[in-house]
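To keep things clear, I will list the structure first and then write my remarks on it.
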Amino acid sequence: MNRNKAQEITSREAFIRYPVPRVLAKFIVPAALSQLTFLILNLADAFFVGRTGDTFQISAMTITFPVVMLASCVGTVFGAGGNANMATELGKGKRERAKVFSAFSVYTAGAVTILISLILLSAKDSLLYLIGADDSSIGFCRDYLFWTFHVACVPLVLSQVFSQLFLAEGESKISAVGIAGAGALNVILDPLFIFGFRMGIAGAGLATCVANYISFAFYIAMYCRKRENTVVCFHPKYYHAGGGVCARVLSVGVPAGLVLLLMDICDFTRNYYFSILGGQVELAAWGVVQKIGNAFMQICVGIAQGIRPVVAYHYACGLLARMKSIIKGAIAIMAGWVIACQILVACAPVFLVSLLIPSGESVPVAVSYLRVWIFCIIGFGFVELFNAVFQSIGRWEISMANTIVNKGLLLTPVMVLLANLRGIGGIIISQPITENATALVLFVLYILVMKEETKKSQKTND
């Protein structure tokens, strides 16, 4: 048996022959770790910078967060798009076609990231002042972005893409180790650079930069080791944008990345209103809630990303009944996670906040914000899950429409309206309102789509 055939059988076992709980564990765990690790990089930075006791450095973390998230948006677009389409082609037995999607995702993600970094160089200070920086924090913002964005954005994005591409062919361990290793390394390097070398927030940025490069090097090493039998590929001869490749990657990736991009726009808007309605204390407090909340949310994103290739593979193979069982299992996992988040915040909000800010006037402010904001995690989790299902079965138009309506036409306008009516309290309550309303609509659409797919399957079998 040749290596390609053996690899194909291994992937098929991971998708089809394993019991549903094992499939869910195999794909959801590494995908969740992949998403969480990006936040661990930022959480570790926030944790150790918080130990400096400098409000301006802490607020700089909040101000720069949406800028750094631009890189994650790019990684999500091409990682998710490449992941789902590679899994679909593997389900059809078209390994060479899967390599085309891999190469397109890698090269295009790298090019787009470099372009964004260059654009940001010309307008960075103006943007930072607009979203909350002042003369006391602007220098800290520049230092952090230099290392985390301009120097490290390409390895950060490509590590996310490679993680998703390896996951698409069932290599969940490789997918998880590269990303989780970066998070662990960042935690080790942060105190060394921040306190040992007395670099402050610049040290946090440098630690993140080094961790990203080592993660990227790991994925390249894994590719070189497995290049004879893996479909993960970035050989230039496989790079094609035509023939539906670009359109298919973007049809899955854009809805997934657009969620982060529109949320990023919300973060820019939110920071602007915090700067005019509050000050550096309120920005620092919101930054803590943002870090805690995004850690919870990225697990939701990971659960959704974990089932995307599995659902796409089963749908391509016509295994509708097993696909529904996998989706039901994912719904149960998501429900368990969002309930756990609610309980944790209800029981220990001060503890969670104190992990990032041990003391100071921002602590009680952050606790009050967190108690209100946490209710959005319910709707957010199920919005992500149903979006992933729609993307995996080719119903990208539903996912795209939801993303545009929820994050574009609802969240930011509602936030602006409530900010003007109720001040900072209105800003905090806006996302719980919009996320939960959207989740209810998507649940109804999911039921209708599954009924439609069942009828189509029955006609085909007849």
Side-chain angles (χ1 to χ4, degrees), residues 2-5 7-8 11-12 15 73-116 154 157-158 160-171 175 219-220 223 226-258 261 305 308-319 323 387-401 403-404 453 456 460:
N2 61 44
R3 290 184 176 181
N4 284 348
K5 188 66 175 178
Q7 181 70 22
E8 184 177 347
S11 297
R12 184 175 177 83
F15 283 111
C73 291
V74 177
T76 299
V77 168
F78 294 99
N83 171 291
N85 283 288
M86 281 180 63
T88 298
E89 296 303 321
L90 288 172
K92 298 175 181 177
K94 298 180 178 179
R95 292 176 60 82
E96 292 299 299
R97 180 70 169 169
K99 291 181 180 181
V100 172
F101 284 103
S102 174
F104 173 82
S105 298
V106 171
Y107 282 111
T108 310
V112 171
T113 303
I114 292 171
L115 179 61
I116 293 174
V154 172
V157 169
L158 293 186
Q160 286 185 281
V161 173
F162 274 117
S163 174
Q164 288 298 310
L165 297 182
F166 276 113
L167 186 63
E169 66 171 353
E171 294 287 358
S175 175
Y219 285 119
I220 296 299
Y223 163 77
K226 300 174 67 64
R227 64 181 178 273
E228 293 184 6
N229 62 351
T230 181
V231 295
V232 175
C233 174
F234 58 94
H235 195 290
K237 75 176 183 179
Y238 285 103
Y239 183 86
H240 301 291
V245 174
C246 180
R248 284 179 56 184
V249 169
L250 296 181
S251 69
V252 174
V254 168
L258 194 59
L261 178 60
Q305 288 193 352
R308 185 181 288 115
V310 187
V311 172
Y313 190 98
H314 283 76
Y315 186 74
C317 293
L319 301 173
M323 183 189 81
N387 270 342
V389 171
F390 292 139
Q391 293 160 16
S392 300
I393 64 175
R395 303 298 291 268
W396 60 268
E397 71 280 0
I398 297 177
S399 177
M400 179 73 78
T403 299
I404 294 172
E453 292 296 334
K456 286 168 56 178
T460 301

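The two residues Val161 and Ala109 come nearest to each other via the heavy atoms CG2-CB, 3.9 Å. Nearest heavy atom pair, residue Pro309 against residue Ala87, reads O-CB, 3.6 Å. Across every non-hydrogen atom of Ala80 and Gly253, the tightest pair is CB-CA, 4.5 Å. In this structure, Gly82 and Val249 approach most closely via the heavy-atom pair N-CG1, 4.1 Å.
One distance of note links CG of Leu250 with CE of Met400; it measures 8.5 Å at 0.5 Å rounding. We find the CG-OG distance between Asn85 and Ser102 to be 11.5 Å, quoted to the nearest 0.5 Å. The line from CG of Leu158 to CD1 of Ile220 is 7.5 Å long, rounded to the nearest 0.5 Å. Separating the CE atom in Met86 from the NZ atom in Lys94 is a distance of 15.0 Å, to the nearest 0.5 Å. With rounding to the nearest 0.5 angstrom, the CD1 atom of Ile393 is 5.0 Å from the CD atom of Glu453. Phe390 CZ to Ser392 OG: the interatomic distance, rounded to the nearest 0.5 Å, is 11.0 Å.
Between Glu89 and Arg248 there is a salt bridge, since a side-chain N of the basic residue sits under 4.0 Å from a carboxylate O of the acidic one. Ion pairing of Glu397 with Arg395 is present here, as a side-chain N (NZ or NE/NH1/NH2) and a carboxylate O approach within less than 4.0 Å.
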Criterion side chain to side chain contact (heavy atoms under 4.5 Å, CB included) on Thr230 and Glu171, from CA distance to verdict = CA-CA 10 Å; Thr230 181; Glu171 294 287 358; 5.8 Å; no
inquiry  = Go through it in stages, so that I can follow the logic: the residues are Met323 and Val389, the test is side chain to side chain contact (heavy atoms under 4.5 Å, CB included), and I'd like the CA-CA distance, side-chain angles, deciding distance and then a yes or no.
reply    = CA-CA 10 Å; Met323 183 189 81; Val389 171; 5.8 Å; no
Ignoring hydrogens and angles, write down the donor-acceptor pairs under 3.5 Å from the side chains of residues 232-244, residues two or more places apart or on other chains.
| residue | atom | partner | partner atom | Å |
| --- | --- | --- | --- | --- |
| His235 | ND1 | Lys237 | N | 3.1 |
| Tyr238 | OH | Glu96 | OE1 | 2.8 |
| Tyr239 | OH | Thr108 | OG1 | 3.1 |
| His240 | NE2 | Lys237 | O | 3.4 |

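Annotation: side chain of Val106 is in contact with side chain of Leu165 (closest heavy-atom distance under 4.5 Å). Residues Trp396 and Val252 form no side-chain contact, since every pair of their non-hydrogen atoms from C-beta on lies 4.5 Å or further apart. With a 4.5 Å cut-off on side-chain heavy atoms, Phe78 and Val157 do not count as touching.
Tested against Tyr313, the residues Thr88, Leu90, Leu319 include a single side chain to side chain contact (heavy atoms under 4.5 Å, CB included) partner, Leu90.
Looking only at distances, no side-chain donor or acceptor of Ser175 sits under 3.5 Å from a matching main-chain atom of Gln164.
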